Number of protein chains: 2
Amino acid sequence: MGKKNKTKYALLGMLSMSPMSGYDIKKLTDFSISHFWSENFGHIYPVLKKMETDGFVTKEVEETSGKPNRNIYYITPTGRQELVNWLHLPVEPPPIRNEILLKIFFADQLPTEKIIEMVAEERKKCLDNLSKYKKIEETLKADGQYMNDKRIPFWLMTLSFGVHSSKAGVSWCEETLKILEERLENSK
Amino acid sequence: MGKKNKTKYALLGMLSMSPMSGYDIKKLTDFSISHFWSENFGHIYPVLKKMETDGFVTKEVEETSGKPNRNIYYITPTGRQELVNWLHLPVEPPPIRNEILLKIFFADQLPTEKIIEMVAEERKKCLDNLSKYKKIEETLKADGQYMNDKRIPFWLMTLSFGVHSSKAGVSWCEETLKILEERLENSK
DNA sequence: ATGATATATACCACCATGATACTTTTCCTA
DNA sequence: TAGGAAAAGTATCATGGTGGTATATATCAT
């Protein structure tokens with residue numbers, strides 16, 4: 001994934017659903033895609049500005065009283081084309097950095113009890129995520145509001161990914177805990 | 001994980017195994033932990049410099065003829081302590097960005113055939129990784145060179161993580177492909 | 001009253017990535 | 001045997017991404 005600007009496409013995608021302000025985009029990403037994507041203001045605002053000068057979006061200022069004015073962004077046909085072009089491009093592999101595995105790799109410098117604690121904590125996180133994903137899945141399937149939305153199947157796929165990888169996480173933790181506990185027994 | 005400097009700990013970890021140059025560190029990370037961690041020169045060199053002024057490592061210049069001199073770095077007791085301190089700290093969750101899921105999320109703007117192609121490609125990647133991990137596992141278990149190294153169990157754990165998550169990836173792809181192919185049938 | 005929370009934009013320091021620059025030795029191949 | 005690729009080695013740059021902070025006001029609960 002590297003140094004290509006993916007924020008751009010996330011923003012274009014959001015704006016392809018509806019015109020929005022930067023603040024709205026942040027709210028919507030946190031609500032709808034936070035299980036696999038994150039954005040932050042420090043990037044959203046400059047990228048929106050850049051995309052305006054590039055002609056991918058247009059801005060309309062909505063006057064408010066007291067609060068700062070809302071800058072509402074609209075995707076342009078060029079912007080829509082840019083989004084579709086990216087959708088057609090092959091997926092670029094991201095650089096990987098998994099902190100718990102880095103710690104495990106050097107874990108001979110750590111007491112076994114501490115490693116067990118760490119992995120147990122990880123297991124808890126995975127389980128928490130798992131139940132979170134399942135809950136959202138249920139709501140999506142049940143909610144009449146979205147019943148006929150043709151995008152639902154795709155949203156469910158992203159959730160299912162979360163379910164699969166959380167389950168994998170749990171089973172790795174449990175396998176690892178077993179080894180560590182055996183190790184602890186043998187060292188007594 | 002965010003803006004805390006984890007490169008520092010990766011480098012300290014490597015130097016805790018043996019004194020090395022920046023070039024050596026890059027080679028060793030690419031060889032031994034590339035399945036879950038990546039480093040690049042652009043960060044290795046400045047971080048080594050910073051750690052020298054912070055007293056976590058010391059440098060010894062090895063004269064060579066022709067080639068640039070090798071800067072060999074040694075971890076200090078302070079550096080070792082810094083590494084162990086970090087090992088004891090709880091794991092910080094990284095910001096997540098999964099490009100294929102972002103594309104799936106907006107995939108209603110893409111022909112079903114194209115989505116199928118994308119997911120099939122992903123499946124292939126997962127399978128490739130899976131066999132790669134399994135092969136390394138075999139070598140590690142078989143290789144007499146490491147037979148008695150007490151760090152082997154930990155290295156195997158990191159590999160097993162790769163196996164678990166690749167398998168999860170494959171099964172998600174296959175589940176998703178089934179849905180997409182059904183969709184393609186129904187649209188005919 | 002007072003403080004938390006929500007709305008809204010913006011900037012900054014820091015961290016991370018990939019590309020490129022530069023040089024010499026060694027090894028392979030046409 | 002000439003020529004080029006690859007390896008060894010350090011270093012810098014532009015770009016991208018993260019989290020925190022600054023700045024303001026309205027609203028709602030305590």
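Each chain gets a letter, A, B and so on, in the order the sequences are listed, and its residues count up from 1. Every value quoted in this text rests on a predicted model; they were computed, and no experiment measured them.
Ranking D:dG19, C:dA10, D:dG9 by closeness to the A:Phe41 side chain, first place goes to C:dA10. Relative to the side chain of A:Arg70, the nucleotides D:dG9, C:dT9, C:dC15 differ in distance, and C:dT9 lies closest. Closest to the side chain of A:Asn5, out of D:dT18, C:dT17, D:dG17, is D:dG17.
For the OP1/OP2 pair of C:dT17 and a distance below 4.0 Å, the side-chain nitrogens and oxygens of B:Ser38 include at least one atom meeting the criterion. At least one side-chain nitrogen or oxygen of A:Tyr45 sits closer than 4.0 Å to the OP1 or OP2 atom of C:dT9. Considering only side-chain N and O atoms, A:Asn69 lies nowhere under 4.0 angstrom from the phosphate OP1 or OP2 of C:dT7. Distances shown here put every side-chain N or O of A:Asn71 at or beyond 4.0 Å from the OP1 or OP2 atom of C:dA8. Side-chain nitrogen and oxygen atoms of B:Ser21 include none within less than 4.0 Å of the OP1 or OP2 phosphate oxygen of D:dG9.
Within 4.0 Å of A:Gly42, counting heavy atoms only, lies at least one base atom of the nucleic acid.
Following rounding to the nearest Å, A:Glu52 (CD) and C:dA10 (C1') show an atom-to-atom distance of 15 Å. The CD1 atom of A:Ile44 sits 11 Å away from the C1' atom of C:dT9 (whole-angstrom rounding). Counting to the nearest Å, the P atom of C:dT17 and the CD atom of B:Glu99 are 16 Å from each other. Nucleotide D:dA7 holds its C1' atom 14 Å from the NZ atom of B:Lys26, rounded to whole Å. Straight-line distance from the NZ atom of B:Lys49 to the C1' atom of D:dT10: 9 Å, rounded to whole Å. A:Glu39 places its CD atom 11 Å from the C1' atom of D:dG16, with the value rounded to the nearest Å. Rounding to whole angstrom units, OH of residue B:Tyr23 and P of C:dT23 are separated by 17 Å. Taking atom NZ on B:Lys6 and atom C1' on C:dT17, their separation rounds to 18 Å, with Å as the unit.
Between the base of C:dG18 and the side chain of B:Asn40 there is a donor-acceptor pair shorter than 3.5 Å.
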### Query
Going through the checks in order, is the side-chain contact (heavy atoms from CB on, under 4.5 Å) test met by B:Glu113 and B:Leu184?
CA-CA 8 Å; B:Glu113 290 90 340; B:Leu184 197 61; 3.7 Å; yes

### Query
Run the side-chain contact (heavy atoms from CB on, under 4.5 Å) check on B:Val119 and B:Ile104 step by step: do they pass?
CA-CA 9 Å; B:Val119 178; B:Ile104 294 283; 4.1 Å; yes

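Residue B:Met51 is tested with B:Leu12, B:Thr7, B:Thr58 for a side chain to side chain contact (heavy atoms under 4.5 Å, CB included); the sole match is B:Leu12. Screening B:Trp155, B:Trp37, B:Phe161, B:Phe154 against A:Phe105 for a ring pair (Phe, Tyr, Trp, His ring centres under 6.0 Å) leaves a single residue, B:Trp155.
Within 6.0 Å of NZ in A:Lys125 there are more than 12 heavy atoms belonging to other residues, nucleotides or ligands.
End-to-end axis angle for the helix from C:dA1-D:dT30 to C:dA30-D:dT1, using five pairs per end and rounding to 10°, comes out at 30°.
Between B:Glu117 and B:Lys114 a salt bridge is recorded (basic side-chain N to carboxylate O distance below 4.0 Å). Remark: B:Glu175 does not engage B:Lys178 in a salt bridge, criterion side-chain N to carboxylate O under 4.0 Å. Ion pairing between A:Glu39 and B:Arg97 holds under the 4.0 Å rule for side-chain N and carboxylate O.
Taking the nucleotide of DNA chain D with the nearest heavy atom to each of B:Lys59 and B:Lys27, the more 5' of the two is matched to B:Lys27.
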